[in-house]
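Residue numbering restarts at 1 for every chain, and letters A, B, ... go by the order of the sequence lines.
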Amino acid sequence: GQNIDQPTKMTATEGAIVQINCTYQTSGFNGLFWYQQHAGEAPTFLSYNVLDGLEEKGRFSSFLSRSKGYSYLLLKELQMKDSASYLCAVRGGRDYKLSFGAGTTVTVRA
Amino acid sequence: DSGVTQTPKHLITATGQRVTLRCSPRSGDLSVYWYQQSLDQGLQFLIQYYNGEERAKGNILERFSAQQFPDLHSELNLSSLELGDSALYFCASSEGRGPEAFFGQGTRLTVV
């Protein structure tokens, strides 16, 4: 099975940087994903890591260490619209099941 | 627009009833995933289909069942509904081995 942990809540100031950590334990691994979800809406894809290292995409970056079962999502130059839940998800080995963590609610304050 | 279509968007029904939720994946996507999200909860994986075959099963209740049809659309059947089944039900699709899954807008089920 898969066990995915991430902090429940984080608060940051507009223009600042926030790092959301995710640790996971999984039988088999075929990628780690980060999604953004605004309340009541569908999750939208942010990033994908399958190899160790940093993937940068504009204001968002994601890092993966497979040996440590660890990832983080870095949000830079925070904007009010970044207030949302951020979901860490892991795709398993054999069955490609995509399992999600409980999500981290980020609140951006002026 | 993700290209994944879920119907209906909203559904209100009484306890003990049965409902069917429908999902049309993105064109060309062979994998369909179903998730349940209760209020302020994370996405709970229910079941996954790949090209018509069940591929993975999560914590799906025996009262729930699903299938994927030859045209690749999928249906999630929920029966003997209870108040606790009230939730957002999301469908997602992917190529299978593709890098991401795309989510539909969800069906909000309210059991009264």
| Separation between CD of Glu53(B) and CG of Leu30(B), rounded to the nearest 0.5 Å | 12.0 Å
| query | Going by the angle between their ring planes, with limits at 30° and 60°, are Tyr24(A) and Phe29(A) parallel, tilted or perpendicular? | reply |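 Because their plane-to-plane angle is under 30°, the rings of Tyr24(A) and Phe29(A) count as parallel.
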| request: Can you tell which part of Leu87(A) gets under 4.5 Å to a heavy atom of chain B, answering side chain, backbone, both or neither? | output: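 Leu87(A) touches chain B through side-chain heavy atoms alone.
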| Got a sec: does the CZ of Arg66(A) have more than 12 other heavy atoms crowding it under 6.0 Å? |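 Atom CZ in Arg66(A) is packed in, count exceeds 12.
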| request: Determine whether the aromatic ring centres of Phe63(A) and Tyr72(A) lie less than 6.0 Å apart. | output: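 When the ring centroids of Phe63(A) and Tyr72(A) are compared, they turn out to be within the sub-6.0 Å range.
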| said: Given heavy-atom pairs under 4.5 angstrom as the criterion, report whether the side chain, backbone, both or neither of Leu88(B) touches chain A. | reply: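 Answer is side chain: those atoms of Leu88(B) sit under 4.5 Å from chain A.
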| message | Given heavy-atom pairs under 4.5 angstrom as the criterion, report whether the side chain, backbone, both or neither of Gln44(B) touches chain A. | response |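 Neither part, no heavy atoms under 4.5 Å.
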